[in-house]
Protein chains: 2
Amino acid sequence: MLSQSCIYGIQTCIYLSLPQQLGKKVRVSSIAESLGISPTFLSKIVFTLVQGGVLCSTRGANGGVWLAKELSEIQTLDIIKVIDGPKLFKDCLLGFSGCNDKKPCPFHQQWGQERIRLMAMFQESTLDKIAQKVNDLDLRIQM
Amino acid sequence: MLSQSCIYGIQTCIYLSLPQQLGKKVRVSSIAESLGISPTFLSKIVFTLVQGGVLCSTRGANGGVWLAKELSEIQTLDIIKVIDGPKLFKDCLLGFSGCNDKKPCPFHQQWGQERIRLMAMFQESTLDKIAQKVNDLDLRIQM
DNA sequence: TAGATAAAAGACTATTTTATCTTAAATTAT
DNA sequence: ATAATTTAAGATAAAATAGTCTTTTATCTA
């Protein structure tokens with residue numbers, strides 16, 4: 001469904017949305033430690049998110065990364081598109097390159113509907129709503 | 001979403017469901033040629049489906065493979081579970097191993113609902129319905 | 001200005017997935 | 001029986017994904 005890199009990217013953005021981190025510059029190494037991810041691997045994913053306009057970063061002492069926009073303006077869908085690309089929401093489920101509305105594969109219609117629902121789920125899941133949910137339920141970000 | 005092997009497996013089963021092939025023993029090599037897949041790669045996927053009870057096979061001259069059950073008794077979900085396993089319908093979307101109803105991740109509730117819809121789609125898509133659809137619309141199985 | 005810090009970049013390794021090539025085993029037909 | 005055929009099996013290769021290690025570059029602080 002989502003690549004491991006994408007999962008780490010979403011986890012990172014959720015982590016940066018929590019009150020403890022929000023508005024601060026956070027070191028990639030401390031994110032990696034909190035989430036139990038390899039620091040250098042995460043730094044590549046973070047850089048992808050920086051290039052994609054989801055995060056900002058600065059180097060050097062007291063450097064770190066932070067969310068590039070307001071929580072309400074970052075959708076989970078943005079993160080997925082930056083890391084995994086749009087293929088999940090574009091490609092034919094059965095891999096037929098010629099599949100389209102006029103020449104649909106057997107799943108075209110139904111998968112089209114489900115895909116819209118999935119996209120809506122990821123669009124509506126903005127970081128403010130996710131952070132709220134995490135706090136309300138006292139969730140821990142943990143593997 | 002689905003692995004390439006799983007896509008090939010589903011394509012193969014659909015191919016075997018069409019009137020031209022139904023009830024016959026079909027050589028893997030001719031399936032592979034029709035679908036544009038590497039014959040030896042497909043033969044491994046086919047063997048997985050044989051072991052999983054979806055297909056039957058016999059070796060030797062005039063050998064080949066065929067569907068192990070009635071079209072109405074083979075769900076796309078069966079094929080997916082045999083090839084990709086149940087992880088799509090079990091694992092936490094965000095990769096949290098401790099995610100469950102009592103300690104849900106931020107997507108647990110919504111993803112749970114979408115996952116049920118996806119499972120239903122793959123359950124309801126039995127090979128008879130798919131074959132019917134392919135014939136009604138004069139679809140070609142083509143890449 | 002110098003040293004410390006932390007992201008960026010590059011080279012490298014490991015694992016999984018996808019795919020190919022060759023050989024073995026089973027079945028049929030002659 | 002023997003030869004031809006076809007799946008099964010095994011070894012190998014290529015590509016994508018996941019992950020590590022080292023060096024470079026930018027930034028802050030003393």
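Side chains included, hydrogens not; waters and symmetry mates left out as well; all remaining heavy atoms used. Letters A, B, ... are given to chains in the order of the sequence lines, protein chains preceding strands, and every chain is numbered from 1.
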Inset, instruction - Begin with the C-alpha distance, continue with both residues' side-chain angles, and end with the deciding distance and a verdict on salt bridge (charged side-chain N to carboxylate O under 4.0 Å, His left out) for Lys129(B) and Glu124(B). - result: CA-CA 8 Å; Lys129(B) 291 186 186 163; Glu124(B) 289 160 14; over 6 Å; no

What is the distance from [atom1] of [X] to [atom2] of [N], rounded to the nearest Å?
X	N	atom1	atom2	answer
Arg27(A)	dA4(C)	CZ	C1'	13 Å
Trp66(A)	dT27(D)	CH2	C1'	11 Å
Leu49(B)	dA8(D)	CG	P	11 Å
Lys25(A)	dC28(D)	NZ	P	6 Å
Phe47(B)	dA9(D)	CZ	C1'	8 Å
Ile45(B)	dT7(D)	CD1	C1'	15 Å

Legend entry - Sequence-aligned protein contact record of nucleotides 13-25 of chain D, with B where the base is within under 4.0 Å of a protein heavy atom and S where only the sugar-phosphate is: -----SBBB---B

Inset, instruction - Tell me yes or no: between the side chains of Ser3(A) and Asp84(A), is some donor less than 3.5 Å from an acceptor? - result: yes

Inset, instruction - Check whether any side-chain nitrogen or oxygen of Ser57(B) sits under 4.0 Å from OP1 or OP2 of dA8(D), and answer yes or no. - result: yes

Inset, instruction - Inspect the surroundings of CD in Gln109(A) and state if more than 12 heavy atoms from other residues, nucleotides or ligands are less than 6.0 Å away. - result: no

Inset, instruction - Could you tell me whether Glu70(B) atom CD has more than 12 heavy atoms of other residues or ligands within 6.0 Å of it? - result: no

Legend entry - Candidate nucleotides dA29(C), dA8(C), dT27(D), ranked by approach to the side chain of Asn62(B) - the nearest: dA29(C)

Inset, instruction - Flag the pair Tyr8(B) / Tyr15(B) as yes when their ring centroid distance falls below 6.0 Å, and as no otherwise. - result: no

Legend entry - Transitive ILVMFWY side-chain link Ile7(A) to Met119(A), under 4.5 Å: yes

Inset, instruction - Select base, sugar-phosphate, or nothing to describe what Gly60(A) touches, counting heavy atoms under 4.0 Å on all strands. - result: base

Inset, instruction - Name the residue closer to the 5' end of DNA chain C, choosing between Gln51(A) and Ala61(A) according to the nucleotide with the nearest heavy atom. - result: Ala61(A)

